[in-house]
Amino acid sequence: MAYEKVDSKTDFPAMEREVLRFWEETRAFETLREKNRGNTKWSFLDGPITANNPMGVHHAWGRTYKDVFHRYHAAKGHDMRYQNGFDCQGLWIEVEVEKEHGFANKKDIEAYGVGKFVDECKARAQHYADIQSEQSKRLGYWMDWSNSYYTMSEQNNYGIWAFLKKCHEERHVYKGKDVMPWCPRCGTGISQMEMNEGYRETEHLSVFVRFPIVGRENEALLVWTTTPWTLTSNVAAAVKADMKYLKVRCGEWTYYVGKGNFEAARKQPVEGESAKKAPSLMSIQAIFKNAGGFEVLGEVDGEALVDLRYTGPFDHLDGAAEAKEHHRVIAWEMVTESEGSGIVHIAPGCGSEDYRLGKEFSLPAVAPLDQMGNFLEPFGRLAGRNFVSVANDIADDLKERGVLVAKERYVHRYPHCWRCKEELVYRLVDEWYINMAWRDRIMQATRGAQWIPEWGMDRELDWLKNMGDWMISKKRYWGLALPIWECDDCGHFEVIGSQSELKERAVAGWEEFEGHSPHRPWVDAVKIKCAKCGATPVSRVKDVGNPWLDASIVPFSTMGYFDNRESWEEWFPAEFVVEALPGQFRNWFYALLAVSTMMVDKAPFKTLLGHGLVLDDQMEEMHKSKGNAIEFNAAADKFGVDVMRWMYCNHSPERNLAFGPAHIDEVRAKTIRPLWNTYAFFVNYARLDEFDPTKDVLPIERRTDLDRWILSDLQKLIEVADTAYAGFEVHHFCSRTERFIDNLSNWYVRRSRRRFWKSEWSDDKRAAYQTLHEVLTTLCQLIAPIVPFLTESMYQNLVAGRIEGAPASVHHQSFPMPDPAKIDRALSERMERFLRVVSMARAARTMSKLKVRQPLAEMRVQPAGDVERLAVEQFNDHMLEELNVKKVTIESDLSSLCTISVRSNMKLVGPKYGKDAGSIGKALQSADADVIASLVASGSPVSIEVDGRAIELEPSEVLVAKSYGDDWAAEENAGTIVLLDKRITKELKLEGIARDIVRFIQNLRKDTNLNLEDRITLSLQSDDAELSEAVDACGAYIARETLATDLTTTPIDGAAGRLDVKINGKPLVIELRCS
RNA sequence: GGGCUCAUAGCUCAGUUGGCUAGAGCGCGUCGCUGAUAACGACGAGGUCCCAGGUUCGAGUCCUGGUGGGCCCA
């Protein structure tokens, strides 16, 4: 069967789609699984992708790694689970479904019907899971797509129930009252994990307010806040006991204010552009000055202010009634001289620090807002108004009542809801928590795994050390139903650990629930009896769970922990997980470790690989809203996925990656295309020659040096590949492969071209074919995990069906082993030296403007060492051909041809010696150049006598020039000297002309669309004597090179191609037609 | 304020346990090669390896401090 012709202008995306069809039709993936079934296992654990949108190119990075290591381990014969996961539950899905319906808040959902809403969330997750599956297939991601796990599955949800029950048995589950960030639109608390994603620069109205001190006439505390609405709930004011406070009179009032605060210049706490845009802040001193001037009356310690009582700014409201009784100054360590007035407004119902402090001092917490962020009834004319919009009115109100000192626009980083982008507010709420008293156990498990990069472990440990308790509840609809049933009568709560346990405990509603997934609203129908007080019915708490629970039970729920323990033991822990680094330390990595520690006191993975972000080509984060996001499908259609996969694999995982067309083109041009062209070269000649790779295979010792060199390098590449894949360092292998492909394409093939052109079969030609075939097929195997399409396409043409017993797909092959018999390190070393000498000779030609087409009579080489000498001897023929010289001579000492001259470096000597510089130059020129040169070479100073004075020149002040005369072009580097004879004889000149002519004819053949093997009749017409002479003298050479059967100097009738050219300025007409 | 991390050519980045003259690709300029190559090769310009100390025979690499960026925590 003949090789299929390969066009170097292949449409790679189209080729990839064809390969996808091939895999589909031949059930290539299933065959692979079958082949490895029952072998040693390699266990992978997938971090579920959020099934809420189509994939972007940033998802493709991690998924490429996942596929690459799967394919490698499959080639190593391992049995694998091939299970992909989808993350389905959570607020992000709810928000999208709400948007589709135009819902404004939770009331709309309730009105619509929770059951219908939840069903739609489920459907949305399924919809995008399906889309992502298709996209992943397009990426070449070989997974068992019929067996993906979904975090919304019953298996998964009940798994979390079991986990929570275990937590409860160890007394770690509790209900806590806390002030926490709350999204008024979503109507839910925001956990510590989610907080950071939502910080945005925000402008607020901040105010300075006067708190008049009770019992002291016209004396007041100066208090500052960025959230005026919280003043309604003020309970106390905090000072730092050992800080200095000034007593300052301004107008009719005397204020207490932190001394440092008073004098300090104040700056908006933002950086960069936003800092420039934000209005500048006045110091407190300046504020007072503007208000009519001030007078500093004295200085006291904070201590002296403690326990003073004061009148709050909203004491007239009913809502402040309780707080009113408690208004006093308390001492707090956290007060600073760098922010505000040094006296901090404390509202325990409106801030989490405040709340903790309030508890410490037994202060009441006044919570003024409902769950939508609106003021409650007892807050007078604020009642019903939203906290976001009241700042100005509050300022006006304060002014009317004469307690406002100043207001200003303040820009700071303030938390927003990471999903809906609304401003968050701090609210006092009841939530469910897992306490983290057992964090040491999690840290122990963390240390038991390998982290790549290594600092990942420190990062994780740092989080574990500092994190707060894990808030697991969310007052929403779509998600894990927290399995907590709480008795209204006695407050006792229980955690139910499984479906069967619930059935046993159910006293009502089981029939209604049966047949439904354990989600709201269905599961809420089930009531139990209180185990403590016997009350009935006891209902489930309304909350749903934190979605990171969903993604973290998977090492148990998907590997069979609950239903097939034996199998679970075979797959747990996973060998490998890989996810994007930023964020996951406090999300998936953390939750995964916590859950697994609770269950079995062990990390659920042996190795964790973290990678960076995919950014746009300006190194900025991709966002849909910014318009710089690139959809996966668009990129796959436009660029093809192999090139993307190579780009991902070639990159250091921990660094962020700039994704853009220019980068893609670079990867294609540097790696994919040279490889493809080498392959096309091979195939297109092998086709004509009907090469059969299985026939008359020559042993290694009968191959040429060049063959043995590339095969030796190939063995080394196999070693590198195996190590890199096994150690999850695929980028090391990629950069080695790029070098290998460069050597293959730009040296091996270039130097071997003529061996393929020969018309008769010979050992040499056979060796070339066999060698290149072996290199290409082995290389295919090595890089198949990275570029599965390209290699499949090559494999189908090079191997499948051509070699008996060869597997049907490149991906069914076993990973190659290096053949020690083919490794020849000495040869590789010599080739490396040789390439260096060649490059020097080319440099010599360039410098002397001697183009390579012009043959030269001789080249002389003084090698830098024995290896180089051997190299030049061994590869003499390549040297002659590559550099177009007639003879290469090796010399041990070329210095006899060299003239050394020295002169002064006027750039340095001029400024330093002034008018003596000229004399120094003359003195240097008349001195012994050889002696001075050797001094300079050794870095020693040079002493010379100038006008009777001894002057010592630094080596840098002397310039040494070497010359090998006008007849030689020279290049010298690190002990190697290369000389090229510049003298061009008549004969050489004519030969050069002939080569020029050949080049033009070849171009014409190409332009005329002749086949490689077509024979031609050729006509070369010129009036110029020298051109004619060259045609006469070198006609046979020209004819041979251009496959001309007839060569004439007269015009051809019906020429297929004609070209008018100038050679050395003289016109020549070329005509040709097929003979 | 604390933790982690990064800083090497105009840009994107390599640089093994400290060791020959610090490299590649892109871009720019010049020249060349080409019947595999939408390519390629050579040469050139472009570096205080962020700064300052220290350890060492020797530091881009190790240590300390600082500056600047990123992520996280408070």
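Predicted model only: the values in this text are computed from it and were never measured. Just so it is clear: chains get the letters A, B, ... in the order the sequence lines come, proteins before strands, and each one is counted from 1.
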*Round to a whole Å and report the spacing from CD of A/E654 to C1' of B/C72.*
16 Å
*Select one nucleotide: of B/U37, B/C73, B/C13, the one nearest the side-chain heavy atoms of A/S745.*
B/U37
*Report the nucleotide, chosen from B/C72, B/U37, B/C13, that has the shortest atom-to-atom distance to any side-chain atom of A/S652.*
B/C13
*B/A39 P sits how many Å from A/W676 CH2, rounded?*
17 Å
*Can you check side-chain contact (heavy atoms from CB on, under 4.5 Å) on A/M180 and A/Y355, steps first, answer last?*
CA-CA 9 Å; A/M180 60 173 336; A/Y355 185 70; over 6 Å; no
*Who is the Watson-Crick or G-U wobble partner of B/A59, with both distances under 3.5 Å?*
none
_Closest contact, heavy atoms only, A/G610 versus A/P453_ = O-CD, 3.9 Å
_B/U5 and B/A9, which share atom name C1', separated by this distance in whole Å_ = 24 Å
*Please tell me which of A/L657 and A/R750 maps to the more 5' nucleotide of RNA chain B, matching each residue to the nucleotide holding its nearest heavy atom.*
A/L657
*B/G54 and B/U61: how far apart are their P atoms, nearest whole angstrom?*
14 Å
_What's the closest nucleotide to the side chain of A/R586 if the choices are B/C4, B/C73, B/G25?_
B/C73
*So which nucleotide does B/C13 pair with, by the Watson-Crick or G-U wobble rule with both distances under 3.5 Å?*
B/G23
*Mind listing the closest non-hydrogen atom pair of A/W646 and A/C734 along with its distance?*
CZ2-O, 3.7 Å
*Over 12 non-hydrogen atoms of neighbours within 6.0 angstrom of NZ in A/K989*: no
*Expressed in angstrom and rounded to an integer, what is the separation of A/N677 atom CG from B/G41 atom P?*
13 Å
_Complement of B/G41, any strand, by Watson-Crick or G-U distances under 3.5 angstrom_ = B/C31
*Residue A/N746, side-chain heavy atoms: nucleotide from B/G41, B/U5, B/C73 that is nearest*: B/G41
*Least distance between heavy atoms, A/E460 atom then A/Q584 atom*: OE1-O, 4.5 Å
_Go nucleotide by nucleotide along RNA chain B from the 5' end; which of A/A669 and A/W747 gets its closest nucleotide reached first?_
A/W747
*Are A/R655 and B/A14 close enough that a side-chain N or O sits under 4.0 Å from OP1 or OP2?*
yes
_Separation of the C1' atoms in B/A59 and B/C20, to the nearest angstrom_ = 15 Å
_Between B/G15 and B/G53, how far apart are the two C1' atoms, rounded to whole Å?_
25 Å
*Would you say A/E719 has more than 12 foreign heavy atoms packed within less than 6.0 Å of its CD?*
yes
*Write down the partner of B/A7 under the Watson-Crick or G-U wobble criteria, each distance required to be under 3.5 Å.*
B/U67
*Would you mind reading off the distance between A/F659 atom CZ and B/U12 atom C1', rounded to a whole angstrom?*
15 Å
_In whole Å, I'd like the distance from the CD atom of A/E454 to the P atom of B/C4._
14 Å
_Short side-chain N/O contact to B/A36 OP1/OP2 from A/Y685, under 4.0 Å_ = yes
_What is the separation between atom CG on A/D742 and atom C1' on B/C40, rounded to the nearest whole Å?_
9 Å
_Nearest-angstrom distance, P atom, B/C11 to B/U16_ = 22 Å
*Mind checking the C1' distance from B/C33 to B/G60? Whole angstroms is fine.*
37 Å
*Give a yes/no answer on whether the side chain of A/R753 brings an N or O atom under 4.0 Å of OP1 or OP2 in B/A36.*
yes
*Using atom P of each nucleotide, how far apart are B/G23 and B/G44 to the nearest Å?*
12 Å
_Closest approach to the side chain of A/D462, judged atom by atom: which nucleotide of B/C40, B/G3, B/A38 is it?_
B/G3
*Identity of whatever pairs with B/G1 - Watson-Crick or G-U, under 3.5 angstrom*: B/C73
*First locate atom CG of A/N587, then atom CH2 of A/W548, and finally report the distance between them rounded to the nearest 0.5 Å.*
4.5 Å
*Looking only at side chains, do A/Y426 and A/D354 share a donor and an acceptor under 3.5 Å apart?*
no
*Whole-Å distance separating the NZ atom of A/K465 from the P atom of B/C72*: 18 Å
_Distance between C1' atoms of B/U55 and B/U64 (Å, rounded)_ = 11 Å
*Look at all strands and tell whether A/N656 reaches a base, only sugar-phosphate, or nothing, counting heavy atoms closer than 4.0 Å.*
sugar-phosphate
_Any-strand Watson-Crick or G-U partner of B/C49, both distances under 3.5 Å_ = none
*Grab the CG-P distance between A/D11 and B/A38 for me, whole Å please.*
15 Å
*Quick one: which of B/C73, B/G35, B/C40 gets closest to the side chain of A/R999?*
B/G35
*Look at the side-chain N and O atoms of A/R459 and state whether any lies under 4.0 Å from the OP1 or OP2 oxygen of B/G3.*
no
